[in-house]
Amino acid sequence: MAENNPFEISQQVRDLAEKNIDQVRKFYDQWMEGISQVMNMWSSTPAGEMVPGFDSLRERAIKFAKDNAEAAFAQAEKLAQAKDVQDLMTLQSHYAQAQMRSYATQAQELGRLMTTAMQNMQSPKL
């Protein structure tokens with residue numbers, strides 16, 4: 001088939017890409033587990049006390065980072081199965097559009113949480 005379509009991606013290349021994605025996902029999962037442990041230790045110390053609202057902001061930001069990473073891994077898996085350049089371009093275009101919508105929603109929510117946290121900081125404690 002490669003003779004008919006010089007832009008076709010061979011099965012060997014797709015298989016190699018899938019193996020690499022699996023390895024990177026495992027590394028990422030370990031790294032995120034370490035980050036989560038550090039964040040939990042930081043939050044549990046007296047010096048790590050935060051103004052009400054910042055905990056939810058931090059938790060939401062971590063969730064968004066994980067969601068975005070999962071979306072990227074899912075995209076990488078799809079790209080690894082692309083049979084030709086046209087498939088790659090279509091997949092990447094759809095991913096970019098979806099992520100831009102997601103980023104806009106995330107930015108709005110983080111902005112709202114930041115505003116709330118800042119207001120809590122300025123509120124006098126009773």
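Heavy atoms only: backbone and side chains are in, while hydrogens, waters and symmetry mates are out. Quick note: residue numbers are just sequence positions, from 1.
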Hey, are the side chains of [X] and [Y] touching, using non-hydrogen atoms and a 4.5 Å cut-off?
{"X": "Leu88", "Y": "Ile9", "value": "yes"}
{"X": "Leu16", "Y": "Val13", "value": "no"}
{"X": "Lys78", "Y": "Tyr95", "value": "no"}
{"X": "Met89", "Y": "Val85", "value": "yes"}
{"X": "Gln30", "Y": "Arg25", "value": "no"}

Arg58 and Asp55 ion-paired at < 4.0 Å: yes

Salt bridge check: are Lys63 and Asp67 linked by an N-O gap of less than 4.0 Å? yes

Between Gln75 and Gln99, does a side-chain hydrogen bond (donor to acceptor under 3.5 Å, both in side chains) hold up when you go through it step by step? CA-CA 11 Å; Gln75 176 67 4; Gln99 283 307 108; over 6 Å; no

State the [atom1]-[atom2] distance between [X] and [Y], to the nearest 0.5 angstrom.
{"X": "Glu59", "Y": "Leu113", "atom1": "CD", "atom2": "CG", "result": "10.0 Å"}
{"X": "Asn68", "Y": "Phe64", "atom1": "CG", "atom2": "CZ", "result": "8.5 Å"}
{"X": "Arg112", "Y": "Ser56", "atom1": "CZ", "atom2": "OG", "result": "8.0 Å"}
{"X": "Gln92", "Y": "His94", "atom1": "CD", "atom2": "NE2", "result": "11.0 Å"}
{"X": "Asp87", "Y": "Glu8", "atom1": "CG", "atom2": "CD", "result": "10.0 Å"}

Determine whether a donor-acceptor pair (N or O, by modelled atom type, separation under 3.5 Å) exists between the side chain of [X] and the backbone of [Y].
{"X": "Thr90", "Y": "Gln86", "value": "yes"}
{"X": "Arg60", "Y": "Leu110", "value": "no"}
{"X": "Ser102", "Y": "Ala98", "value": "no"}

Would Tyr103 and Met114 show up in the same hydrophobic cluster when neighbours are defined by side-chain heavy atoms closer than 4.5 Å? no

Is there a path of hydrophobic side-chain contacts, each under 4.5 Å between heavy atoms, that joins Ile21 and Val24? yes

Does Gln11 have more than 12 heavy atoms from other residues, nucleotides or ligands lying within 6.0 Å of its CD? yes

Aromatic centroids of Phe73 and Tyr28 separated by under 6.0 Å: yes

